[in-house]
Structure formats: structure tokens, C-alpha cells
Amino acid sequence: MSTTEVLISELVELHGRTRNSLMPILQGVVQQEKYLSEDAMITVARELNISAADVFGTASFYTFLDTIPRGKNVVRVCKTISCHMKNKEAIIRALEDTLKIKVGETTHDKQFTLLTANCLGWCHKGPVMLVNDEVYPEVTPETAVEILNKYGRSK
Amino acid sequence: METKKLKKVDIIFENEQGLSMAVLEKTLKRNPDDIILDLIDSGLKGRGGAGFPTGLKWKFTKNEENPVKYVICNADEGEPGTFKDREIIERVPEKIFTGIAICGYVIGAKEGYIYIRGEYNFLLKNLNVKLQEFNEKLKKLHFDFKIYLRSGSGAYVCGEESALFESMEGFRGEPRNKPPYPTVAGYNSKPTAINNVETLVYTTMICHMGPEKFKALGTTDSRGSKVFSVSGDTPIPGIYELELGMPLHDFVEDFGDGDTKAVQIGGASGFCVTRKKFNDTIIGFEGIPTGGSMMIFNSSRSMYNVLHDYLEFFCEESCGQCTPCRIGCQQLLKGIEAVKRGERPPSYLEDLKKLTATMKIAAKCGLGQSVGNPFNSIVDNFREEIIY
């Protein structure tokens with residue numbers, strides 16, 4: 001069995017073999033592998049005895065259930081109004097310049113994916129960004145770049 | 001932070017110190033019908049934004065004859081400008097659990113769920129530990145009830161209750177037709193009492209202090225207090241628990257930066273109120289009801305940009321299931337861009353307003369129905385900024 005198959009059988013064991021477990025299982029795969037590969041979705045479908053199209057249909061609905069490869073660290077900068085007013089543009093520019101990628105892209109070494117997100121719920125402390133599940137409120141262009149270093153950005 | 005005009009209230013975050021457990025033990029000995037009567041008497045309405053009377057919701061769910069029922073805590077806080085539920089979850093999770101358990105006792109459920117948005121995943125670790133402790137305590141009280149955690153995955157529309165059920169059942173978060181309402185057929189098509197985080201904490205606190213004290217706050221139409229999330233052009237952004245039914249003018253005096261031109265009440269799906277109407281606008285069910293999002297804009301802000309931002313948000317977050325919302329959001333966005341560029345005459349804004357009226361009637365859920373709120377209130381009040 002591939003590592004993905006092992007992971008999925010563990011997740012199925014943990015959450016149960018029902019449609020109600022689909023979201024927790026997909027979330028578990030993304031937690032480990034950062035995205036849902038075709039193989040992963042087919043395996044989940046087989047385990048839960050539903051069609052692979054159903055799995056893809058569900059996964060593709062959710063912003064956090066990516067179906068294209070993502071880097072080891074996924075950076076999401078909030079772009080909604082309050083963070084917009086606190087100059088999220090400068091944060092995005094600094095991250096783009098540092099990582100040498102545009103929003104939506106992944107670095108060549110597969111270490112970072114840069115994305116924007118709708119309201120992250122930190123409107124009083126914008127601009128805010130998430131790196132994987134960790135939250136960083138009140139970032140500046142400088143601290144945003146420093147945070148990347150924490151996640152092993154090669155200088 | 002000090003507020004001069006408005007009286008601050010301290011119910012939600014009031015010192016926990018074993019309060020929840022005491023309330024739970026006391027309440028589990030009461031007759032469920034009496035608890036419902038207390039909640040109805042208190043005048044508590046849902047704090048998520050829709051404002052349905054909580055006591056009635058519990059009563060309807062209790063009255064359903066079904067061996068399987070559920071309690072769900074809606075922690076899919078996604079409305080732009082709202083962040084109160086995150087603070088409540090971080091600071092007083094036991095009060096939420098207690099509210100869920102009391103609800104389970106009242107309606108006759110054995111399972112409760114907290115559906116928390118994926119953006120708050122960093123809260124899960126602590127929350128899980130606290131939840132395990134709580135579930136253990138329930139066992140010790142010999143109350144057959146257990147609470148589980150479920151996560152969202154970044155979809156605003158899943159805050160809509162029926163979309164939330166779809167998501168929990170492993171489907172795309174597409175809202176259902178209503179009726180049937182959740183109290184009849186919710187999660188797994190079973191009777192479900194679904195309440196906002198803040199509402200559940202208030203139910204705990206009403207069981208603690210009695211309906212009279214709660215009722216004494218606020219106005220006849222808007223009983224009690226509410227947690228407000230204040231952001232934008234304010235020197236003191238943050239969370240404030242305030243009495244409902246306050247005049248917007250007083251709010252702006254306390255929170256504005258002295259140059260406030262407009263306040264967006266209720267987030268992207270709420271209403272924009274301009275300076276000249278601050279005096280006769282009431283925050284509450286008799287005026288503008290809100291889930292608590294208060295975004296303040298000063299005179300340096302372009303209201304075209306604000307509206308553009310909201311419409312982009314709705315274009316991305318529309319689930320795409322029904323045509324009025326899917327196409328409507330896109331056309332509104334394209335429409336104001338075309339007017340701004342001069343490709344369409346200013347009168348085109350009237351056509352777009354008609355489109356929002358159609359969306360209000362024809363969209364399947366609250367998302368599409370409420371896009372007209374920000375659109376019309378911003379276009380009507382700041383027409384010049386939209387056109388030129």
C-alpha cells in the first residue's frame with residue numbers, strides 16, 4: 001500500500017465508513033499531504049463505497065480542500081475589507097517578492113504556496129495571515145517575511 | 001477600553017470559575033418546559049444574525065416526536081467584520097458546552113456537535129482537551145449526552161444552517177429549500193436545534209441568573225445584550241458586549257475616530273448607514289438587527305471600493321447552486337465596474353437595483369437574498385462615489 005492508502009485507511013478507521021465521515025477524512029488527508037490527489041480521492045471513494053465523482057464534487061466545493069498540488073506550507077493572506085483597509089496589498093507584495101511567485105502559485109522547491117483568503121475573523125487586528133493552521137495577526141511586510149523564515153525559507 | 005456613552009455589559013465573559021458546572025447541575029434537575037418558558041420570557045433571540053426566538057426554537061424541536069434529535073452549535077463565523085465567536089470559544093468554551101448540554105436535555109437529544117470554521121483550526125487542540133473534560137463530567141452526572149467537534153473547510157455559505165448540515169453529511173455546502181425547517185428535519189434529516197455560539201452562552205447565563213436580569217437590559221423589542229465586533233476606522237477595535245437597542249449616534253461617538261462617514265452594520269450582507277442617519281438608527285431588532293459586525297469607515301474611504309470588495313466576496317462565496325445568486329452577484333460586480341468606467345450610464349444602477357430585488361425574491365438562501373442590503377444602501381447613499 002502507498003503512504004496515501006495507509007493514511008486513508010487509518011482515517012477511515014478513526015472516523016467511520018459512512019458518508020458523514022467524508023469531510024473529516026478529506027480534512028485529514030489535506031492536513032498531511034496538503035492537497036487531495038486523484039489517487040487519494042479514488043481511494044476514499046472505494047473505502048466509503050461512493051463514486052469518485054461524488055468525492056471530487058464535495059472536495060472541489062471547499063476552498064481548504066485543494067485538489068491541485070500545494071507546497072509544504074500554505075500561506076493565506078486575508079483580503080477582505082478590514083484587512084484591505086489595513087493595507088494587505090503591501091503584505092502580499094512583500095510575500096510575492098520574497099518567494100518570487102504570484103498569488104496562487106507554489107515555489108519551485110515546493111516549500112510555499114501563496115494564496116489569498118476571504119475574511120479570517122481577525123478584523124480588529126489586520127492585516128492577518130494563516131500559515132497552515134497557525135494564525136499571524138497584525139503583520140507588517142517585514143514580519144510577514146520573517147514568519148516565512150520560521151517555516152524554513154531558504155535565503 | 002473606555003466607552004463614554006454606552007454602558008458595557010459583562011455576561012458572556014463573566015468569570016467562569018466553575019460557574020458552568022454549577023449551572024448545568026442545577027438546570028438538569030429542572031423541568032424542560034420551565035427552562036423553555038424562562039428562555040421565552042427572557043426575550044432571547046438568536047445572536048447569529050437572523051434573530052429567531054431561542055425559546056421557541058427549542059420548544060419546536062422538543063415537540064417533534066423522534067427518538068433521534070441533535071443539538072448543533074454553529075461556530076462557522078464567516079461574516080466579514082465578525083470575530084466575536086472566536087473570542088468566546090477561546091475564553092469561555094465551558095459556557096458554550098453547557099448551553100449545548102442544556103439544549104440537549106430540553107429537546108431530548110443524545111448528541112451535540114460544534115461546527116467550527118476551518119479558519120479557526122488553531123483553536124481545535126485546546127478546545128478538544130476542554131471538550132473531553134466536559135464529556136467526562138457529563139458522564140459523572142449520569143447525563144447521557146456527548147458533544148463532538150466538526151470542522152469546516154473554508155466556505156462562508158456553510159454558516160447557513162442547512163448548508164452546514166449538508167457539509168456535516170459529507171456533501172457540497174449547498175443550502176436546502178425551506179421548509180422543512182431544522183427543528184423538523186435538520187442534520188441527518190432529524191429534528192435539530194441549531195444555535196449560534198453566543199446564543200448558547202446566553203442560554204447558560206439565563207439559566208444562571210434568571211430571565212429577569214437579562215430582560216432588564218436592552219429595549220422592549222431587543223432584550224438583553226450582545227457582543228459586537230468593532231473594526232475599521234476606530235482607535236479602539238475589538239470585542240464589546242453592549243446593551244441592544246442603542247442609537248448608532250452614541251456608538252459612533254464612542255467608537256468613531258471623529259471623522260466617521262458611514263458604518264456597515266451586520267457585515268458584508270448587512271446595511272450601510274451614512275452620517276446623516278446616525279441619529280435615527282437603532283441597533284436592534286426594531287432598527288437594524290445584526291450578528292454583531294460593526295465596520296466603521298471614515299471620510300478617507302471610497303465607498304465604491306467598499307462595495308466592490310463586498311461584491312467580490314459574494315461572487316466567490318456564492319455556492320453557485322441557484323441562478324439568481326450565481327449570475328446575480330457576477331452581474332452586480334460587472335455592472336458597477338461598467339458604470340465606473342463610463343461604459344454604462346448612471347441610470348444602469350437602477351437596473352442593477354431591480355436585479356437585487358429579483359435576487360431577494362428568487363435566491364434560495366440568505367446569501368443571495370441579502371446581497372441587495374449592502375448594494376442598495378451603498379448605491380443610494382453614495383451614488384456619486386459609485387459613478388465618478
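Computed from a predicted structure; not experimentally measured. Just so we're on the same page: letters track the sequence lines, and every chain starts at 1.
Within the 4.5 angstrom heavy-atom criterion, no atom of B/E312 approaches chain A. Looking at B/M168, only its backbone comes within 4.5 Å of chain A, counting heavy atoms on both sides. Residue contact with chain A, scored on non-hydrogen atoms closer than 4.5 Å, is absent for B/S229. Only the backbone of B/V230 comes within less than 4.5 Å of a heavy atom in chain A; its side chain stays farther off. For B/C319, the parts lying near chain A are the backbone and the side chain together; criterion is any non-hydrogen pair under 4.5 Å. In this structure, chain A has heavy atoms under 4.5 Å from both the backbone and the side chain of B/E169. Proximity to chain A (any heavy atom under 4.5 Å) is restricted, for B/Y120, to the side chain, taken from C-beta onward. Residue contact with chain B, scored on non-hydrogen atoms closer than 4.5 Å, involves the backbone and the side chain of A/I81 alike. Only the backbone of B/I296 comes within contact range of chain A, with at least one heavy atom under 4.5 Å from a heavy atom of that chain. For chain A, the nearby parts of B/S167 are the backbone and the side chain; heavy atoms of each come within less than 4.5 Å. The contact between A/K79 and chain B is made by backbone and side chain atoms together, counting heavy-atom distances below 4.5 Å. Looking at B/D85, neither its backbone nor its side chain comes within 4.5 Å of chain A, counting heavy atoms on both sides.
Using a cutoff of 4.0 Å between basic side-chain nitrogens and carboxylate oxygens, A/E47 and A/R17 are scored as salt-bridged. The pair B/R176-B/E166 meets the salt-bridge criterion, with a side-chain N (NZ, NE, NH1 or NH2) lying under 4.0 Å from an Asp/Glu carboxylate O.
Annotation: B/F228 is not in aromatic contact with B/F255 [ring centroid separation under 6.0 Å not met].
Judged purely by distance below 3.5 Å, without hydrogens or angles, the side chains of A/S37 and A/D39 never pair a donor atom with an acceptor atom. Using a 3.5 Å distance cut-off with no hydrogens or angles, the side chains of B/Y70 and B/N188 do pair a donor with an acceptor. Side-chain atoms of A/Y136 and A/E134 form no donor-acceptor pair, as typed in the model, at a separation below 3.5 Å.
Ranked by non-hydrogen atom pairs under 4.5 Å with chain A, the options B/A155, B/G170, B/G320, B/S153 are led by B/S153. Between chain B and the residues A/I50, A/N20, A/T18, the largest count of heavy-atom pairs under 4.5 Å involves A/N20. No other option in B/G267, B/G173, B/S293, B/S300 has as many heavy-atom pairs under 4.5 Å with chain A as B/G173.
Side-chain contact check for A/E96 versus A/I92: some heavy-atom pair is nearer than 4.5 Å. Inter-residue side-chain proximity for A/R19 and A/D54 is flagged as met; some heavy-atom pair is nearer than 4.5 Å.
With a 6.0 Å cutoff to the six-membered ring centre and a 45° limit on the axis angle, B/R86 does not count as a cation-pi contact of B/F122.
Within a 6.0 Å radius of NZ in B/K261, more than 12 heavy atoms belonging to other residues, nucleotides or ligands are found.
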